[in-house]
Amino acid sequence: MAAMVVADLMICMFNIILQNIFRYHFLDSWLSYTYVCRFTAFIQVFCIQLSVWFTVSFTFDRFISICCQKLKLKYCTERTATVVLTIVCALSFLMNIPVYFRYEPYSNIDDIPWGCRTATGYYSSSAWVAYKWISTLSFPILPFPLLLLLNSLTARHILVASRSRRALKSRNNGENSIDPEMKNRRTSIILLFAISGSFIVLWTPITVIHICVGVTETITFKGSNSLYLAIRITLLLMYLSSCTNTCIYALTQRRFREEMKNMLKYPVTLIIKLFK
């Protein structure tokens with residue numbers, strides 16, 4: 001979860017603040033320097049891919065924790081989490097290295113490369129075409145079936161186990177007995193489906209647009225304001241997903257809600273003490 005938060009904060013920093021706010025208002029800033037522009041393009045895709053695969057890793061971790069009790073003791077450890085996060089970071093970094101070389105200088109001012117535009121060979125080179133399809137399949141198409149499969153298996157296991165436990169508890173203690181384990185399971189499945197569900201809902205539009213543009217080989221908008229507007233809206237939803245995971249996790253945790261209540265009560269308590 002900490003890795004998911006870091007990846008989402010990186011998206012807010014590089015993709016939203018740096019690219020869509022700072023660069024938009026300061027067109028001739030140092031961000032327009034070609035090498036900086038290339039790096040920011042790389043880091044933006046890298047951060048988004050980390051956020052996506054960290055979500056998949058979290059879902060898989062919950063699947064192992066809930067459905068595979070024997071494997072849970074070996075897999076659900078801090079060391080395994082560190083290894084998984086390191087592998088995801090390394091693969092995402094290597095996968096997105098070609099993004100840096102996708103762009104070329106838009107112009108040269110005093111022998112200084114300035115601006116970024118897509119290289120001329122990007123649309124005609126067979127190597128770039130292969131990379132585009134591999135990149136599209138691995139991100140964002142592949143995470144969707146993985147999330148649906150893992151969530152379905154987890155939900156099925158929880159429902160079956162809960163039904164059996166409820167029947168056993170009602171037979172022994174009566175219908176009105178409170179079962180803390182059932183409450184914990186309910187909280188776990190709510191958290192799991194809230195995070196994975198929000199990801200699927202917010203990422204589906206940009207994925208559909210991405211596939212349509214790739215299949216039709218659309219290079220420019222050709223004056224299509226509707227397509228441009230659709231892409232901007234889907235990008236907005238995609239960036240919104242970087243905020244929802246942390247909020248959902250925080251709001252579903254009892255300890256966080258208690259700390260939030262204490263923070264809100266603190267000024268009132270302090271004023272009461274001062275008047276006393």
Side-chain angles (χ1 to χ4, degrees), residues 7 10-11 14-16 18-20 23-24 31-57 87-108 113-149 199-239 241-242:
M10 289 174 65
I11 291 177
F14 290 103
N15 296 58
I16 299 177
L18 196 64
Q19 178 67 20
N20 290 283
R23 188 175 183 181
Y24 177 80
L31 291 173
S32 297
Y33 187 54
T34 300
Y35 297 110
V36 177
C37 180
R38 285 175 169 177
F39 174 75
T40 54
F42 162 79
I43 201 68
Q44 287 168 26
V45 180
F46 175 67
C47 293
I48 293 175
Q49 198 164 34
L50 282 185
S51 178
V52 170
W53 283 106
F54 282 167
T55 303
V56 176
S57 301
I87 292 175
V88 171
C89 290
L91 291 178
S92 298
F93 183 87
L94 295 175
M95 185 70 184
N96 291 295
I97 287 178
V99 175
Y100 181 86
F101 301 97
R102 171 183 171 178
Y103 301 96
E104 61 183 11
Y106 188 83
S107 61
N108 283 277
W114 201 258
C116 281
R117 66 179 178 185
T118 302
T120 53
Y122 179 75
Y123 300 104
S124 57
S125 173
S126 58
W128 276 115
V129 172
Y131 171 76
K132 283 191 294 183
W133 281 109
I134 293 174
S135 178
T136 302
L137 290 174
S138 62
F139 154 77
I141 295 179
L142 185 58
F144 281 94
L146 288 177
L147 288 174
L148 291 175
L149 175 63
F199 171 83
I200 293 174
V201 170
L202 295 175
W203 270 87
T204 298
I206 191 63
T207 304
V208 173
I209 291 290
H210 193 74
I211 295 174
C212 292
V213 171
V215 171
T216 58
E217 297 183 352
T218 303
I219 299 176
T220 60
F221 296 111
K222 299 179 181 180
S224 176
N225 293 327
S226 58
L227 178 59
Y228 176 78
L229 181 61
I231 291 177
R232 299 309 298 180
I233 292 176
T234 55
L235 285 173
L236 176 63
L237 294 176
M238 182 188 72
Y239 292 143
S241 67
S242 65

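Small disclaimer: the values here were computed from a predicted structure and weren't measured.
Contact detail for S241 and L202: the closest heavy-atom pair is CA-CD1, 3.4 Å. Considering every non-hydrogen atom in both E104 and T118, the closest pair reads OE2-O, 4.0 Å. Closest non-hydrogen pair, C89 versus F46, comes out as O-CE1, 3.6 Å. Residues A41 and V99 approach most closely at O-CG1, 3.9 Å, considering heavy atoms.
In this structure, the side chains of L18 and Q44 stay at 4.5 Å or more apart for every pair of heavy atoms. You'll find the side chain of V208 stays beyond 4.5 Å of the side chain of W203, heavy atoms only. The shortest side-chain heavy-atom distance between V56 and L146 falls under the 4.5 Å cut-off. Between P105 and Y33, every side-chain heavy-atom pair lies at or beyond the 4.5 Å cut-off. Taking 4.5 Å as the limit, every side-chain heavy atom of T55 sits out of range of all side-chain heavy atoms of P143. Between W128 and P98, some side-chain heavy-atom pair lies under the 4.5 Å cut-off. Counting only heavy atoms from C-beta outward, the side chains of N108 and W114 never approach each other to under 4.5 Å. The shortest distance between side-chain heavy atoms of Q49 and V52 does not fall below 4.5 Å.
How far CG of L142 is from CZ of F144: 11.0 Å, rounded to the nearest 0.5 Å. The CG atom of L50 sits 8.5 Å away from the CG atom of N96 when rounded to the nearest 0.5 Å. Between the CD1 atom of I134 and the CE atom of M95 there is a distance of 6.0 Å, given to the nearest 0.5 Å. Interatomic distance, I233 CD1 to L229 CG, rounded to the nearest 0.5 Å: 4.0 Å. Here OH of Y122 is found 16.0 Å from CZ of R117. Values are rounded to the nearest 0.5 Å.
Although no hydrogens or angles enter the test, the distance criterion places a donor-acceptor pair under 3.5 Å between the side chain of T34 and the main chain of P113. Under a 3.5 Å cut-off, the side chain of T204 and the backbone N or O of I200 do form a donor-acceptor pair. At least one donor-acceptor pair under 3.5 Å links the side chain of T40 to the backbone N or O of C37. S51 places no side-chain N or O within 3.5 Å of a backbone atom of I48 that could act as its donor or acceptor partner.
Using a 3.5 Å distance cut-off with no hydrogens or angles, the side chains of W53 and S92 do not pair a donor with an acceptor.
Residue F42 forms a ring-ring contact (aromatic ring centres under 6.0 Å, His included) with just one option from Y100, F93, F14, Y35, and that option is F93.
A cation-pi geometry, defined here as NZ or CZ lying under 6.0 Å from the six-membered ring centre and within 45° of its normal, does not hold between R38 and Y103.
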